[in-house]
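Structure record follows, encoded as structure tokens.
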There are 2 protein chains.
Amino acid sequence: MAAQRGQRNGVGDTPPAPTAAEITAPIPRVVAEVPAARERARAIPEAAVARLAVYLRVLSGMQDQGSGTVSSEELAVAAGVNSAKLRKDLSYIGSYGTRGVGYEVAVLIEEIERILGLTRKQSVAVVGIGNLGHALANYGGFPGRGFPVTALFDVDPDLIGVPVGGLPVEHIDDIPTICAEREVSIGVIATPPPAAQTVCDRLVEAGVQCILNFAPVVLQVPDHVEVRKVDLAVELQVLSFHVARRADNAAATNGVAPEFNGKVNGMVVT
Amino acid sequence: MAAQRGQRNGVGDTPPAPTAAEITAPIPRVVAEVPAARERARAIPEAAVARLAVYLRVLSGMQDQGSGTVSSEELAVAAGVNSAKLRKDLSYIGSYGTRGVGYEVAVLIEEIERILGLTRKQSVAVVGIGNLGHALANYGGFPGRGFPVTALFDVDPDLIGVPVGGLPVEHIDDIPTICAEREVSIGVIATPPPAAQTVCDRLVEAGVQCILNFAPVVLQVPDHVEVRKVDLAVELQVLSFHVARRADNAAATNGVAPEFNGKVNGMVVT
DNA sequence: TACCGCTTGTGAACGCATGCACAAAGTCGC
DNA sequence: GCGACTTTGTGCATGCGTTCACAAGCGGTA
């Protein structure tokens, strides 16, 4: 995001990733007439995928409220985006709207869930049962359909066997066997920084394909593993930057550079 | 994803249009020749700011290890980015390198801290002392210099007055007075979704300029308030999408569409 | 002092994402 | 059945961010 794209920009990129751009580029437009779902899925921009998840949540809320159909404008406002962008995002997954009317909420929910792979439930393992790990383990029932957390791991002997959110904590040495056994597809790392890489390696070893990393560490993973990063320190520092910028701009508008005054509404400066 | 049209997704991915686009658009390029620090700060791309925070952490680690200087290549590898990108990012904040040698670690740390506004410590308030709130409150000493958490809020009467991480929990009705009094500049929302907007309004009322939102809700804020969003459900769903895509591609390479086989390395498919 | 090798800093090209504006397509009213 | 209105879906242009490639600049060396 915002920001920075997860760790997507951080890991396997040193060798410039020829993922698909260089492949689709030389090929003019040959295979375009076979829009199998799998083919189209590949073409969805990462940013759009993240927004689809937001639309899905908003739509679920609307369905609970009994809405049958929704226009792109309504949905866009509720999701906090431009309506043109929303329509383009939806067009990536197909044409499920009716011109002059809008979209059927139920249909849209179903299609987005299908594209996001939520139809088959993804098994999640959380590693590192500290404060954050507890929070994640108890997050269990997500808004709407959930990602079942099927395994918890830690090193602390006092924690092993203790049930957290109804699931006993296992030792991280058992990650490979347990994750393989329970077919975990997503691993969440909430350990202290020094342990993160080791834990990551074990998850990969167990066949986990995607990792959500809360540890402030740049993980090294094979190309076929996807990593997304959530870094609280970075988030705060970006906000801090904005505070500082704002203060500087405010100071600047007091006599020096008059170019940024259109948006400085109301705050007491001096 | 910004203000009323959506929040910036902290993670990654999403480098959306800043609110300033509307300002820079009509004004061609007049004041560019006065590159005062405040002016230049405005020109740093959001994505670059997030990376600067990462560089800062890596540099701190290097300093602890006793490194005096570092080349862009070294730092880039450690931070998991392209070296050209790293140099461009650093060029946004000035020219502090020595050609043929590299960058002085201490100087770089100091400059990045200055740009990120870390020289004056930012006071942080956490609202919603559930599992996640606990985790955040105890995060206290961040890696490197910290953001002092100076206030905690909740509605639960059983929590009010209880010290968490050495700080007593206050009632959310007191947000305006306490935040103003302690000069809180960053508010963190870790409440259940229904409470998020109300809490947000009170924080804004108290003069908080930046908000980090963990609640899965699109917040409505005035233009002068900056919001960043961390959405666990979205993160998981994006990963889920990748799992699904991977499975589809793997299936596709088994005889149907031969165009995406370059990157499917090694995973057992059948 | 003059040369050589190394690393920075940046101009320019490229690609992706956003936003605009409009044609296509459907519904509703008469 | 037909026309007017509404809303989708998308081609196109614009701007941002990333990457490449190279000149400029600095330290070391003879």
Side-chain angles (χ1 to χ4, degrees), chain A residues 1-5 8-10 13-26 29 32 35 40 43-51 69-76 80-104 107-108, chain B residues 1-2 5-6 8-9 12-29 35 40 42-51 69-76 81-104 107-108:
Chain A
M1 268 6 97
Q4 154 210 8
R5 309 164 193 228
R8 195 72 191 83
N9 69 354
D13 292 1
T14 318
T19 38
E22 302 171 3
I23 302 173
T24 50
R29 274 195 180 214
R40 203 167 37 215
I44 304 179
E46 181 104 357
V49 173
R51 285 191 298 267
T69 63
V70 63
S71 73
S72 64
E73 186 60 33
E74 283 177 81
L75 188 49
V81 302
N82 182 304
S83 73
K85 189 191 292 184
L86 180 134
R87 285 199 301 275
K88 181 146 288 190
D89 287 345
L90 292 182
S91 78
Y92 290 129
I93 67 174
S95 297
Y96 301 106
T98 305
R99 294 172 189 231
V101 178
Y103 301 89
E104 208 168 323
V107 172
L108 226 44
Chain B
M1 314 170 193
R5 5 181 192 291
R8 295 197 169 119
N9 190 350
D13 58 347
T14 336
T19 47
E22 305 164 5
I23 305 170
T24 49
I27 299 175
R29 272 194 181 215
R40 203 166 39 215
R42 181 58 202 73
I44 303 179
E46 181 103 0
V49 173
R51 284 192 297 267
T69 63
V70 63
S71 73
S72 64
E73 185 60 32
E74 283 177 81
L75 187 52
V81 301
N82 182 303
S83 73
K85 188 190 290 185
L86 180 134
R87 285 199 301 276
K88 179 141 285 192
D89 287 345
L90 292 183
S91 78
Y92 290 129
I93 66 174
S95 297
Y96 301 105
T98 306
R99 294 170 190 235
V101 178
Y103 301 89
E104 208 168 322
V107 172
L108 227 43

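The structure displayed is predicted, hence computed values, not measured ones. Below, chains carry the letters A, B, ... as their sequence lines are ordered, and counting in each starts from 1.
Panel note: side chain A:Thr98, backbone A:Val101; no donor-acceptor pair is recorded below 3.5 Å.
Using a 4.0 Å cut-off, no side-chain N or O of A:Asn82 falls inside it from OP1 or OP2 of C:dA17. Checking the phosphate oxygens (OP1, OP2) of C:dT7, no side-chain nitrogen or oxygen of B:Ser71 falls inside 4.0 Å. Note on B:Arg51: a side-chain N or O is less than 4.0 Å away from OP1 or OP2 of D:dT18. Proximity of B:Ser72 to the phosphate of C:dT7: no side-chain N or O atom is located under 4.0 Å from OP1 or OP2. At C:dC16, none of the side-chain N or O atoms of A:Tyr92 fall inside 4.0 Å of OP1 or OP2 (strictly under the cut-off).
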Would B:Leu108 and B:Leu75 count as a side-chain contact (heavy atoms from CB on, under 4.5 Å) here? Give the steps. CA-CA 11 Å; B:Leu108 227 43; B:Leu75 187 52; 4.1 Å; yes
For A:Tyr103 and A:Glu74: C-alpha separation, side-chain torsions, deciding distance, then whether side-chain contact (heavy atoms from CB on, under 4.5 Å) applies. CA-CA 10 Å; A:Tyr103 301 89; A:Glu74 283 177 81; over 6 Å; no
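In terms of polar N and O atoms assigned as donor or acceptor, the side chain of B:Arg99 comes within less than 3.5 Å of the base of C:dT8 in a complementary pairing. One N or O donor and one acceptor, one from the side chain of B:Lys88 and one from the base of D:dT19, sit under 3.5 Å apart.
Rounded to whole Å, atom P of D:dG25 lies 19 Å from atom OH of B:Tyr96.
Counting only heavy atoms from C-beta on, A:Ala47 has its side chain closest to C:dT18 among D:dT10, C:dT18, C:dG26. Residue B:Ala84 places its side chain closer to D:dA21 than to any other of D:dG17, D:dC26, D:dA21.
Toward the 5' end of DNA chain C, the nearer of the two residues A:Gly100 and A:Asp89, judged by each one's closest nucleotide, is A:Asp89.
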